[in-house]
> 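Take a look at this one; I'll ask things after.
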Amino acid sequence: SHRSGAHAGSATGTLRGVRLLTVGAASALTLAMAGCGSVSTAAKEPAAKAVQLKVSPAKFSQTKQVPGDEVTFSMTVTNTGSNPAPGVIVQLQGLEDETTYDPSDDTRVRTTPDDLPDDTKHAPWFVDTAPGGTPLSDSDLYTGGELAPGRSRTLRWQMNAVVPGTHTIKYQVWSGLTDNEAKATSGDGLTGSVTATIGKG
């Protein structure tokens, strides 16, 4: 299946909850792999240094698209604090296949065989390339790498428009793969959303 995988204001709490759950699961998976399955409880996470980030509003290279268009989704992240960011993490929501059945929605019909259920509603965009190469643990998390104080980096996702309609990508940005590192991240523009319309061609 094509899985790739973030709204300011009232949505911040929801995104943060999803983020910490996902990061916690990833941490547990890492520990289990390191211990060849013998680790029954996660080790206590070390304290994290405060990291301050500023994220420019994410954007599409074009907000009006048609199926088959190759578009770029991008954002610039700046480390505005005095501590290095051990690893910029971006969560994107709105790029996942959905399995909610809707008989009136013909976009759920498969055009090629795959491993998804017949009632799957396909994602609006398919990600060709992304920061870090692929999502972390086949999830909606992407890594932007380490970022030293005062440095900026523009993160780009190359996508193909797929499903007609008006669609929104919600995003959240933080530093580090542990819950403590995520909680120690503060700054401006860490959550947001981008809406684009994919026409019928």
Side-chain angles (χ1 to χ4, degrees), residues 1-12 14-16 18-19 22 53-78 88-145 147 152-174 188-201:
S1 62
H2 297 329
R3 293 193 60 196
S4 52
H7 201 33
S10 60
T12 303
T14 302
L15 284 170
R16 182 173 295 129
V18 173
R19 176 193 73 187
T22 307
L53 301 176
K54 181 178 181 179
V55 182
S56 66
K59 61 183 179 181
F60 273 108
S61 54
Q62 58 193 73
T63 56
K64 293 184 178 181
Q65 309 164 16
V66 296
D69 276 354
E70 295 183 355
V71 297
T72 301
F73 180 85
S74 64
M75 65 180 68
T76 298
V77 182
T78 303
V88 174
I89 303 297
V90 181
Q91 179 185 39
L92 298 184
Q93 295 181 335
L95 294 175
E96 307 86 357
D97 291 312
E98 299 176 4
T99 55
T100 302
Y101 181 73
D102 182 358
S104 66
D105 186 357
D106 60 5
T107 63
R108 69 181 182 85
V109 177
R110 292 180 295 170
T111 57
T112 57
D114 56 26
D115 60 351
L116 298 174
D118 287 334
D119 61 357
T120 296
K121 181 180 178 181
H122 287 294
W125 293 274
F126 173 70
V127 178
D128 282 330
T129 61
T134 58
L136 297 174
S137 302
D138 193 28
S139 68
D140 56 0
L141 304 180
Y142 296 84
T143 176
L147 194 61
S152 297
R153 181 174 297 127
T154 299
L155 307 180
R156 297 181 177 87
W157 288 256
Q158 302 298 328
M159 302 182 182
N160 273 295
V162 179
V163 180
T166 298
H167 308 286
T168 298
I169 295 177
K170 299 176 184 179
Y171 62 88
Q172 181 160 348
V173 182
W174 66 93
D188 299 321
L190 300 183
T191 62
S193 65
V194 180
T195 299
T197 298
I198 302 176
K200 294 186 177 180

> What pairs with Thr76 under side chain to side chain donor-acceptor pair (under 3.5 Å), at least two apart in sequence or on another chain?
Thr154
> Going by the rule side-chain contact (heavy atoms from CB on, under 4.5 Å), which residues pair with Ala58 if we only count those two or more places apart in sequence or in a different chain?
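Applying side-chain contact (heavy atoms from CB on, under 4.5 Å) to Ala58 gives Phe73, Met75, Tyr171, Val194.
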> Can you name the nearest heavy-atom pair linking Pro67 to Pro164, along with the distance?
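Between these two residues, the closest heavy atoms are CG-CG, 4.0 Å.
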> So, using side chain to side chain donor-acceptor pair (under 3.5 Å) as the criterion, who are the partners of Thr143 when residues are at least two apart?
none
> For the residue pair Trp157 and Leu95, establish whether any side-chain heavy-atom pair is separated by less than 4.5 Å.
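No, their side chains stay 4.5 Å or more apart.
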> Report yes if the side chains of Val173 and Val88 come closer than 4.5 Å at any heavy-atom pair, otherwise no.
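Side chain of Val173 against side chain of Val88, heavy atoms only: contact under 4.5 Å found.
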> Which residue pairs pass the side chain to side chain donor-acceptor pair (under 3.5 Å) test with at least one member in residues 62-73, sequence neighbours excluded?
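Residue pairs passing side chain to side chain donor-acceptor pair (under 3.5 Å), neighbours aside: Gln62-Asp69, Gln65-Trp125, Thr72-Gln158.
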> By side chain to side chain donor-acceptor pair (under 3.5 Å), which residues pair with Ser61, not counting sequence neighbours?
none
> So which atom in Leu141 and which in Gln91 form the shortest heavy-atom distance, rounded to 0.1 Å?
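It is CD2-CB, 3.5 Å.
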> State the OH-CG distance between Tyr142 and Leu136, to the nearest 0.5 angstrom.
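One finds 9.5 Å between OH of Tyr142 and CG of Leu136.
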> Check Gly144 against Arg153 and note the closest heavy-atom contact, atom names and distance.
O-NH1, 2.8 Å
> Compare every heavy atom of Gly94 with every heavy atom of Pro124, then report the nearest pair and how far apart it is.
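The pair with the smallest heavy-atom distance is CD-O, 3.5 Å.
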> Does any non-hydrogen side-chain atom of Leu53 lie less than 4.5 Å from one of Leu190?
yes
> Please report the interatomic distance CG(Asp140) to CD(Glu96), rounded to the nearest 0.5 Å.
5.5 Å
> In Å and rounded to the nearest 0.5 Å, what is the OG1 to CZ distance from Thr195 to Phe60?
9.0 Å
> With Val162, which residues qualify under side-chain contact (heavy atoms from CB on, under 4.5 Å), at least two apart?
Phe126
> Looking only at heavy atoms, what is the nearest atom pair of Ser193 and Thr168, with distance?
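Distance-wise, the nearest heavy atoms are CB-CG2, 3.8 Å.
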> Residues two or more places apart in sequence or in another chain: which of them pass side chain to side chain donor-acceptor pair (under 3.5 Å) with Asp188?
none
